[in-house]
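Single-structure report; data block below.
Worth saying up front: this structure is predicted, and the values here are computed from it rather than measured. Computation of the quantities below employed the complete heavy-atom set of this structure, encompassing side-chain atoms and omitting hydrogens, waters and symmetry-equivalent molecules. Chain naming here is simple, since letters A, B, ... match the order of the sequence lines and numbering starts at 1 in each.
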There are 2 protein chains.
Amino acid sequence: MSTKKEILNLLKHEILNLTLKPGTILSETVLSERFQISRTPLRDVLKQLSIESYIDVYPKKGNLVSYIDLESVEQIIYLRSVLEKDIIKGLSGSLTLKGIMELKKNLEEQKNAIYQEHALEHFLMLDDTFHRTLFTLAGHEFLWKLIKFSNVHYERYRRLHMLKQEKLEKVLNEHHMILDCMTNHETDKVDELVQHHLREDINSLYLLENFADYIKA
Amino acid sequence: MSTKKEILNLLKHEILNLTLKPGTILSETVLSERFQISRTPLRDVLKQLSIESYIDVYPKKGNLVSYIDLESVEQIIYLRSVLEKDIIKGLSGSLTLKGIMELKKNLEEQKNAIYQEHALEHFLMLDDTFHRTLFTLAGHEFLWKLIKFSNVHYERYRRLHMLKQEKLEKVLNEHHMILDCMTNHETDKVDELVQHHLREDINSLYLLENFADYIKA
DNA sequence: CATTGGAAACTTGTATACAAGATGTCGTGA
DNA sequence: TCACGACATCTTGTATACAAGTTTCCAATG
C-alpha cells in the first residue's frame, strides 16, 4: 500500500531515468494491483503525469510512457539559455560569500562524483543542484520550478547525451568557468559560455542513431 | 449536460475575468448538479484547475478559487521581459512582410476596440494575440503556451490594473513603438521599452488599496 | 488457404455508494 | 450566561460496479 504522492514520485523517477522506456504501457489495473490501491486515486496520479507530459493517454486504449519530444528539448534549452544568461550576469555583481561557498562546495562534490559508482546518476543530480542554486540566489526559484514542470523531455534527452564519462568532465569544467565569470565580473563572456553549456552538441547524431526508438516521430 | 472540456474552459474563463472571485467556494456536488454530470469527471476538471493554480484544494474542507499571488505575478513579468526582449531583437532582422501585416492588422483592431463596448475584454484579447504572434513568428509558440499555463495570477492582476481606459491607450502606443523598433532595426531601444511595457506601474498601490481582498496574504 | 464475422477479453470513462475528516449547531450542564 | 460535548451535516477521498469503445483471436464460410 502506497500513498498517491509516493506513487507519483516513483513513476516520475522511473520514467526520467528510463527504467520505464518510452512506449511502455501503464495500465490502470496493473498499477492498482502493484501499489495495492484502487483505480480512483491511481487515476489522479495518471492525470498529473499526463498534464506534465510523462505519459500520453489514449482514451479506451491505454496509457503510454511518452516518447522524447525534441521540439520540447529545443525550446527548454532556449528558455534556459535566455534566463540563465540574464541571471548569471545579474549575479556577477551581487554574489554573496555564502553563495560562492555553496557553489564551490557543489563543484567539489561534482568532481568526486565523476569517478565513483553511479557517476551519471550522482553527477546529474549535482548538476541540477548547481543550476537550481543559481536560480535561487537570483530570487527566481519560482521559475526553476516552472522549468522543472515541463522538463520530462529535456531531462531524458540529457541523460542519454551524457552517457560518456568525458562529457561529465567537460560539463564540470564549464561550471567552473561560469563561477569564475561571476566572481571576476567578466560578464562579456557569459553569453557564449552559457549558450554552449546548455546546448552542448545537441546537433550530433549520436542520440538519433542509437536511441531512435525513444524519440517522438 | 456539458463535456469536461467545456466545463474546464468555462470555469477557467469565469475565474480569469473575476466573475468567480478569489475565495469563492467550488463545491463538487454543486458543480455536478449545475453541469448535470457526476462527481468523477468533475473531479478531473478540478484536478486540472488545481494543478494550474486556478483553485486551492483543502482536503475534506473544500475548493476555493485561488487568491492572486503577487510573487507569481512578479516572476511571470520577469520571465516575459527576458524572453520578449530576446525575441523582439531576434525578429528585428528577420521579420517577414506577412508578419508585419499581421501585427499591423492586430494593432488596427486594438485601436478600434478601445472606444467600443466591452473595451477591456476585447482589448485584452487582442493584446494577448499581439504578444502571442511575436512568440509564434520567432518559432516559440511552445514557450507562449508554457507561460499561459502558469498565467492565472498575472492575468487577473493585469485585468484589475487596466480598468482605466487611458491605460489601454498607453499600452497600444507602446505596441506601436515595439513594432517600429523591429521594422527600423532599432534594437538598442528594445530593452527599456519591453521592460516598461510589461512591468507597467506594478509598484503603484492602486491595486493593493482597492482589491486587497483578492490578494494572497 | 484467405477472409470475414463475431464474440470475448481487454482498455479507460462514468456513476454511485460509502468512508472519513471538518464544521457548525443545538442542547445540556455548571 | 458561558462552556463544553454529542450529533447532524457538510466537505472531499476511495472503492467498486458498470458503460462503452478497442483490440485480439478464432472459427465459420467462401
* With heavy atoms under 4.0 Å as the rule, sort Lys4(A) into base, sugar-phosphate or nothing. => sugar-phosphate

* How is Leu26(B) classified with respect to the nucleic acid when contacts are heavy atoms under 4.0 Å: base, sugar-phosphate, or nothing? -> sugar-phosphate

* Asked: Looking only at heavy atoms, what is the nearest atom pair of Glu28(B) and Leu46(B), with distance?
  -> CG-CD1, 3.5 Å

* Asked: In this structure, which one of Gln110(B), Lys104(B), Glu109(B) forms a side chain to side chain donor-acceptor pair (under 3.5 Å) with Asn106(B)?
  -> Gln110(B)

* Whole-Å gap separating P (dG13(D)) and NZ (Lys5(A)) -> 14 Å

* What residue pairs, at least two apart or across chains, pass ring pair (Phe, Tyr, Trp, His ring centres under 6.0 Å) with a residue in residues 52-86 of chain B? -> His140(A)-Tyr78(B)

* Would you please indicate yes or no on a ring centroid separation below 6.0 angstrom for His161(B) and Tyr157(B)? => yes

* **Neighbour count above 12 (heavy atom, 6.0 Å) for Ile25(A) CD1** => no

* Parallel, tilted or perpendicular: which describes the rings of His197(B) and His131(B), with under 30° parallel and over 60° perpendicular? -> parallel

* Structure fact -> Residues of residues 51-63 of chain A with a heavy atom under 4.0 Å from any atom of DNA chain C, listed by number, are Pro59(A), Lys60(A), Lys61(A), Gly62(A), Asn63(A)

Can you tabulate the close N/O pairs, meaning under 3.5 Å, that link protein atoms to atoms of nucleotides 16-18 of chain C?
residue	atom	partner	partner atom	Å
dT16(C)	O4	Thr40(B)	OG1	3.2

* To do: Compare side-chain N and O positions of Arg43(A) against OP1 and OP2 of dT12(C) and report whether any pair is under 4.0 Å apart.
  => no

* Ser27(B) side chain near dC10(D) phosphate (N/O to OP1/OP2, under 4.0 Å) -> no

